[in-house]
Undergrad: 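After the structure tokens below, expect a handful of questions from me.
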Amino acid sequence: MGLWVAPGLLLAMALTLHLAEASAPPHRDYCVLGAGPAGLQMAYFLQRAGRDYLVFERASGPGSFFTRYPRHRKLISINKRHTGRTNSEFNLRHDWNSLLSHDPRLLFRHYSRAYFPDAGDMVRYLGDFASSLGLRVRYNTAIAHVTLDKDRRAWNGHYFILTDQKGQGYRCSVLLVATGLSVPNLVDFPGAEYAEGYESVSVDPEDFVGQNVLILGRGNSAFETAENILGVTNFVHMLSRSRVRLSWATHYVGDLRAINNGLLDTYQLKSLDGLLESDLTDLAVVKDPKGKFHITLKFYVEEGNQSAEAVPLPQDDSDNFAMRVAYDRVIRCLGWNFDFSIFNKSLRLSSGGEFSKKYPLVRPSYESKGSRGLFVLGTASHSVDYRKSAGGFIHGFRYTVRAVHRLLEHRHHGVAWPSTELPIAQLTSSVLRRVNEASGLYQMFGVLADIVLVKENGTAFEYLEEFPMQMLAQLETVTGRQARHGLFVVDMEYGRNFSGPDKDVFFYDRSVGYTEDAWQSNFLHPVIYYYRQLPTEQEVRFRPADWPLPRPTAIHHIVEDFLTDWTAPVSHILPLRRFLENCLGTDLRGFYAESCFLFALTRQKLPPFCQQGYLRMQGLVGTGSLRQHRVDSGLLQSYAAAGKRSEENGQRPGFQEPADQPQAPGPLDQPLTSNKEEL
């Protein structure tokens with residue numbers, strides 16, 4: 001028996017549903033907060049994929065951060081316009097400002113000739129990037145509040161509800177936060193109110209003529225500020241709780257760069273300027289009646305209510321106290337924090353811990369630990385590789401943004417991670433091409449890696465580029481690719497004991513040149529991990545200390561190279577090929593057609609190169625000039641010389657065993673040999 005419902009009631013229900021939908025805020029599949037470099041980079045990938053998205057930007061144009069910062073206008077991201085190469089991917093290794101796009105006109109080298117460009121050039125570049133590509137950006141729209149609206153129909157079980165400064169609401173399935181770090185980092189100590197902030201202090205050197213200046217902080221903003229006034233002040237003192245971290249020693253581009261470190265010279269050459277170490281929370285600043293500032297200890301101030309003149313100073317007890325002079329200015333340069341204020345606590349972006357005050361809590365996938373579907377991009381995502389790699393800077397996060405987009409494409413649209421399938425004989429050359437050209441591997445060392453998936457029977461492989469290494473255990477789930485028959489992980493790494501603020505990176509025997517010592521390489525070099533099966537989540541989590549990945553079945557270091565050119569036949573190519581052969585139990589050498597012909601007549605099983613090339617009429621025909629080139633390179637014995645020796649030994653010339661006869665691969669731990677004839 002059916003349930004009868006009055007027609008009027010049905011009409012009312014339909015009308016109510018229609019009105020509810022009409023009153024719902026505008027919906028977008030993807031909402032991007034911020035039209036800085038990371039936001040625009042994500043917008044580009046979303047647009048190329050044909051997705052429904054919108055970028056919200058509070059300012060009237062993109063890149064608003066660079067309209068004001070750095071305060072002294074010189075970027076520390078290099079703009080190397082000439083490399084001697086025409087390979088665009090290789091050139092991106094030394095272009096730290098360009099975003100990724102299909103348009104060669106949108107490379108930063110067209111916007112500035114300076115090695116360290118002006119920040120205004122970045123603003124102009126980002127404006128052209130957004131307008132030329134027609135990216136969908138809503139300017140003058142400041143998102144004031146973000147909260148969740150649970151709904152089973154939503155992709156992630158909830159929608160993100162955004163409210164702008166005018167009260168207009170927006171509903172988003174996925175939220176991509178690219179707002180950077182914008183809140184000045186403040187340290188609470190007595191007298192902190194007397195410190196001028198980096199964000200507001202004068203940048204005119206004339207305002208500091210003949211003054212004693214104290215700068216709180218020891219990063220690039222502090223040294224940039226000091227560099228601007230060194231020539232006009234009486235002296236500049238710099239105070240921080242930790243020792244100075246030089247980028248050339250730590251290999252972290254966010255540490256102090258040489259372009260800003262003039263104060264180190266004037267300090268060590270005793271020209272009145274200096275660096276001091278102390279925890280700011282133990283100190284206090286007091287102001288005397290003349291407007292001068294004095295440094296004292298916090299507990300002196302807290303002893304009781306007393307006037308500034310009555311507060312004891314350290315020099316009262318120790319007459320050689322380093323900071324016994326009075327200062328005319330105190331400048332705070334303590335970096336930046338993420339702005340959590342617009343996010344409802346239900347999103348759980350911060351744990352309240354000390355580190356999470358600076359960065360949101362994110363997973364290796366750059367997805368928030370507290371809210372599924374909320375991803376953090378760009379500088380604000382740097383917690384994943386803080387002080388380890390370049391994920392907080394354009395030349396790093398342009399690749400992590402692309403990785404996030406690929407993860408989203410598979411999760412929400414069923415598009416598998418891009419890959420290339422090739423015959424196994426091309427494995428060596430594929431790895432070599434990437435380690436010699438790829439910019440993403442080079443810049444995001446230890447974070448993004450190429451994955452080589454061996455296919456069934458080892459006759460082919462699938463190559464995936466720039467996958468987040470810490471997600472290796474989830475590879476099949478998040479990429480749509482199968483890793484059932486073994487895999488290689490191709491990474492770039494520095495030597496494990498070569499980076500740190502206390503390291504002498506200029507020691508005499510710092511370079512490694514011998515193949516057998518490749519594992520001791522100090523400079524950035526390729527490392528290949530082999531696993532017979534995909535590591536588990538537990539293995540990734542509890543990997544050995546200072547290892548980017550769990551212990552592999554086998555590992556191979558390609559010896560460091562001064563030119564970062566890993567194409568030397570004996571030092572680079574041969575050891576790599578033998579390593580791959582040992583792992584796969586097959587012969588990966590390439591042969592001329594005549595050699596494959598001889599093997600076909602004399603052997604039961606041909607090398608993969610001959611199976612996949614010669615037998616399909618794709619073999620490489622040897623020529624006199626090619627043979628002579630190999631002879632001149634020392635890679636092949638001269639036929640004429642060999643024939644002469646054969647005649648002297650009573651043998652018929654031309655029928656000696658081919659020099660490039662297949663060799664049975666040895667065990668995984670077999671020492672690599674430098675046999676020049678086995679290329």
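Below, each value reflects all heavy atoms present in this structure, side chains not excepted, and no hydrogens, waters or symmetry copies. In this text, all values refer to a predicted model and were calculated from it rather than measured experimentally.
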Undergrad: Among E560, E493, H572, H557, which residue meets the side chain to side chain donor-acceptor pair (under 3.5 Å) test with H525?
TA: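 Among E560, E493, H572, H557, the one meeting side chain to side chain donor-acceptor pair (under 3.5 Å) with H525 is H557.
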
Undergrad: Say whether, by atom type as modelled, one donor and one acceptor occur between the side chain of S430 and the main chain of Y463 under 3.5 angstrom.
TA: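 Not at all, since once roles are kept as given, no pair shorter than 3.5 Å links the two residues.
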
Undergrad: Answer whether the closest heavy-atom distance between the side chains of N97 and S77 falls below 4.5 Å.
TA: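 Yes, side chains in contact.
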
Undergrad: Is it the case that the side chain of D128 and the backbone of L106 share a donor-acceptor pair, with hydrogens and angles ignored and the cut-off at 3.5 Å?
TA: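 No, the answer is negative, given that no donor and acceptor are paired below the 3.5 Å cut-off.
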
Undergrad: So, are E581 and R577 salt-bridged, with charged N and O less than 4.0 Å apart?
TA: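 A salt bridge is present here (some side-chain N lies under 4.0 Å from a carboxylate O).
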
Undergrad: Students often mix this up, so state it plainly: with edges at 30° and 60°, are the rings of Y494 and H251 parallel, tilted or perpendicular?
TA: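 Because their plane-to-plane angle is under 30°, the rings of Y494 and H251 count as parallel.
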
Undergrad: Sort out for me which residue in V452, I451, L464 forms a side-chain contact (heavy atoms from CB on, under 4.5 Å) with L487.
TA: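 For L487, the side-chain contact (heavy atoms from CB on, under 4.5 Å) test succeeds with only one of V452, I451, L464, which is I451.
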
Undergrad: Where the side chain of N522 meets the backbone of R510, is there a donor-acceptor pair that is under 3.5 Å apart?
TA: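 Such a contact is found between N522 side chain and R510 backbone.
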
Undergrad: How close do A449 and V489 get, heavy atom to heavy atom, and via which atoms?
TA: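 Smallest interatomic distance, heavy atoms only, reads CB-CG1, 3.6 Å.
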
Undergrad: Could you tell me whether the side chain of N91 and the main chain of R85 form a donor-acceptor pair under 3.5 Å?
TA: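 Yes, the answer is positive, given that a donor and an acceptor are paired below the 3.5 Å cut-off.
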
Undergrad: Do R411 and E367 sit within salt-bridge range, that is, some charged N less than 4.0 Å from a carboxylate O?
TA: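 Salt bridge flag = yes for E367 with R411.
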
Undergrad: Decide whether a cation-pi geometry holds between R496 and W519; the criteria are a distance under 6.0 Å from NZ or CZ to the six-membered ring centre and an angle within 45° of the ring axis.
TA: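 Here R496 fails the 6.0 Å and 45° test against W519.
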
Undergrad: Hey, does V559 have a side-chain heavy atom less than 4.5 Å from the side chain of Y514?
TA: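 They are not in side-chain contact.
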
Undergrad: Out of F498, F562, W566, which residue meets the ring pair (Phe, Tyr, Trp, His ring centres under 6.0 Å) rule with F523?
TA: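 Single pass found, and it is F498.
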
Undergrad: Would the distance check show the side chain of N87 and the main-chain N or O of F90 forming a donor-acceptor pair, the cut-off being under 3.5 Å?
TA: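 Checked: pair present.
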
Undergrad: For D546, is the CG atom crowded, meaning more than 12 foreign heavy atoms sit under 6.0 Å from it?
TA: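 Not buried by this count: 12 neighbours or fewer within 6.0 Å.
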
Undergrad: For the pair T400 and Q443, evaluate side-chain contact (heavy atoms from CB on, under 4.5 Å) and give the outcome as yes or no after the intermediate values.
TA: CA-CA 11 Å; T400 61; Q443 298 297 1; over 6 Å; no

Undergrad: Report, as yes or no, whether the 6.0 Å neighbourhood of atom CD on Q538 holds more than 12 heavy atoms from other residues, nucleotides or ligands.
TA: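 Atom CD in Q538 is not packed in, count stays at 12 or less.
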
Undergrad: Which atoms form the tightest heavy-atom contact between C596 and L606, and what is the distance?
TA: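 Between these two residues, the closest heavy atoms are O-CD2, 4.3 Å.
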
Undergrad: Taking the side chain from Y529 and the backbone from R551, do they hold a donor-acceptor pair closer than 3.5 Å?
TA: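 Checked: no pair found.
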
Undergrad: Taking all non-hydrogen atoms of both residues, which atom of G391 and which atom of S381 are closest, and how far apart?
TA: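 Shortest heavy-atom contact: O-OG, 4.1 Å.
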
Undergrad: Quick one: are F397 and L377 in side-chain contact, heavy atoms under 4.5 Å?
TA: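 They are not in contact (no side-chain heavy atoms under 4.5 Å apart), so the answer is no.
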
Undergrad: Between atom OG of S419 and atom CG of L453, what is the distance when rounded to the nearest 0.5 Å?
TA: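 Those atoms lie 8.0 Å apart.
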
Undergrad: Are R481 and E462 close enough for a salt bridge, meaning some N to O gap below 4.0 Å?
TA: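 Yes.
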
Undergrad: Just say parallel, tilted or perpendicular for the rings of F393 and H382, cut-offs at 30° and 60°.
TA: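 Ring orientation, 0 to 90° scale: perpendicular.
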
Undergrad: Specify whether Y125 and Y111 have parallel, tilted or perpendicular ring planes, treating 30° as the upper limit for parallel and 60° as the lower limit for perpendicular.
TA: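 Correct class here is perpendicular.
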
Undergrad: Pair D565, T567 - check side chain to side chain donor-acceptor pair (under 3.5 Å), show working.
TA: CA-CA 6 Å; D565 179 14; T567 57; 2.9 Å; yes

Undergrad: Would you sort out whether Y531 and F488 count as a ring pair (Phe, Tyr, Trp, His ring centres under 6.0 Å), showing the intermediate values?
TA: CA-CA 6 Å; Y531 297 92; F488 295 93; 9.5 Å; no

Undergrad: Indicate yes or no: at least one non-hydrogen side-chain atom of L99 is less than 4.5 angstrom from one of Y44.
TA: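 No, too far: nothing below the 4.5 Å cut-off.
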
Undergrad: May I ask you to decide if P117's main-chain N or O and D121's side chain share a donor-acceptor pair within less than 3.5 Å?
TA: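 Side chain of D121 to backbone of P117: no pair is present.
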
Undergrad: Tell me, with the steps shown, if L176 and L46 meet side-chain contact (heavy atoms from CB on, under 4.5 Å).
TA: CA-CA 11 Å; L176 301 153; L46 291 171; 4.1 Å; yes

Undergrad: Within this structure, what is the CZ-CG distance for the pair F579 and L588, rounded to the nearest 0.5 Å?
TA: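 Those atoms lie 11.5 Å apart.
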
Undergrad: Mark yes when over 12 heavy atoms from residues, nucleotides or ligands other than Q533 sit less than 6.0 Å from its CD; otherwise mark no.
TA: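 Atom CD in Q533 is not packed in, count stays at 12 or less.
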
Undergrad: Taking all heavy atoms of R434 and all of L441, pick out the closest pair and write down the distance.
TA: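 Answer, listing the atom of R434 first, then L441: NH2-CG, 4.1 Å.
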
Undergrad: Is the shortest side-chain heavy-atom distance between I558 and I528 below 4.5 Å?
TA: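 Yes, at least one pair of side-chain atoms sits under 4.5 Å.
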
Undergrad: Shortest non-hydrogen contact from S247 to D255?
TA: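 Minimum heavy-atom separation between S247 and D255: CB-O, 3.7 Å.
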
Undergrad: Okay, side chain of S429, backbone of Q426: is any donor-acceptor separation there less than 3.5 Å?
TA: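 Yes.
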
Undergrad: Could you go through the side-chain contact (heavy atoms from CB on, under 4.5 Å) check for R402 and L100 one step at a time?
TA: CA-CA 9 Å; R402 182 163 64 183; L100 304 178; 3.8 Å; yes

Undergrad: Once rounded to the nearest 0.5 Å, what's the spacing between atom CG of L75 and atom CE of M122?
TA: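 Answer rounded to 0.5 Å: 5.5 Å.
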
Undergrad: Let me confirm one number: the OH-CG distance from Y399 to L92, rounded to the nearest 0.5 Å.
TA: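 The distance works out to 4.5 Å.
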
Undergrad: Side chains of P418 and R406, heavy atoms from C-beta outward: is any pair under 4.5 Å?
TA: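 Yes, at least one pair of side-chain atoms sits under 4.5 Å.
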
Undergrad: Taking T379 for its side chain and G392 for its backbone only, find out whether a donor-acceptor pair lies under 3.5 Å.
TA: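 Here the side-chain-to-backbone pair exists.
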
Undergrad: Any side-chain heavy-atom pair from V431 and L427 closer than 4.5 angstrom?
TA: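 A side-chain contact exists here, since the closest heavy-atom pair is under 4.5 Å.
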
Undergrad: Do any N or O atoms from the side chain of S98 and from the backbone of F108 form a donor-acceptor pair under 3.5 angstrom?
TA: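 Side chain of S98 to backbone of F108: a pair is present.
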
Undergrad: Quick one: do F375 and V362 satisfy side-chain contact (heavy atoms from CB on, under 4.5 Å)? Show the steps, please.
TA: CA-CA 8 Å; F375 290 81; V362 296; over 6 Å; no

Undergrad: Around atom CZ of F507, are there more than 12 heavy atoms from other residues, nucleotides or ligands closer than 6.0 Å?
TA: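 Above 12, so yes.
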
Undergrad: Could you verify whether a donor N or O on one side chain and an acceptor N or O on the other, from Q470 and R543, lie under 3.5 Å apart?
TA: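 Their side chains do contain a donor-acceptor pair, which is all the 3.5 Å distance test asks for.
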
Undergrad: Using every non-hydrogen atom in the two residues, find where V244 and P501 come nearest and quote the distance to one decimal.
TA: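 Taking V244 first and P501 second, the nearest heavy atoms are O-CB, 4.3 Å.
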
Undergrad: So does N497 have more than 12 non-hydrogen atoms from other groups sitting under 6.0 Å from CG?
TA: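 No, CG of N497 has 12 or fewer neighbouring heavy atoms, counting only those of other groups under 6.0 Å.
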
Undergrad: Using side-chain heavy atoms (C-beta onward) and a distance below 4.5 Å, is L472 in contact with P535?
TA: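 Of all side-chain heavy-atom pairs linking P535 with L472, at least one is under 4.5 Å.
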
Undergrad: Starting at CZ of R51, measure out to CD of Q47 and round the result to the nearest 0.5 Å.
TA: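 The CD atom of Q47 is 12.5 Å from CZ of R51, to the nearest 0.5 Å.
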
Undergrad: Quick one: do N260 and N220 satisfy side chain to side chain donor-acceptor pair (under 3.5 Å)? Show the steps, please.
TA: CA-CA 7 Å; N260 286 329; N220 279 293; 3.2 Å; yes

Undergrad: For the pair F467 and W417, name the ring-plane relationship: parallel under 30°, tilted 30 to 60°, perpendicular over 60°.
TA: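 Taking W417 first and then F467, their aromatic rings stand perpendicular (interplane angle over 60°).
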
Undergrad: Could you tell me whether R93 and E437 make a salt bridge, using a distance below 4.0 angstrom between a side-chain N and a carboxylate O?
TA: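 Salt bridge absent between R93 and E437.
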
Undergrad: As an exercise, state the distance from CZ of R81 to OG of S112, rounded to the nearest 0.5 Å.
TA: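 Reported value, rounded in 0.5 Å steps: 8.0 Å.
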
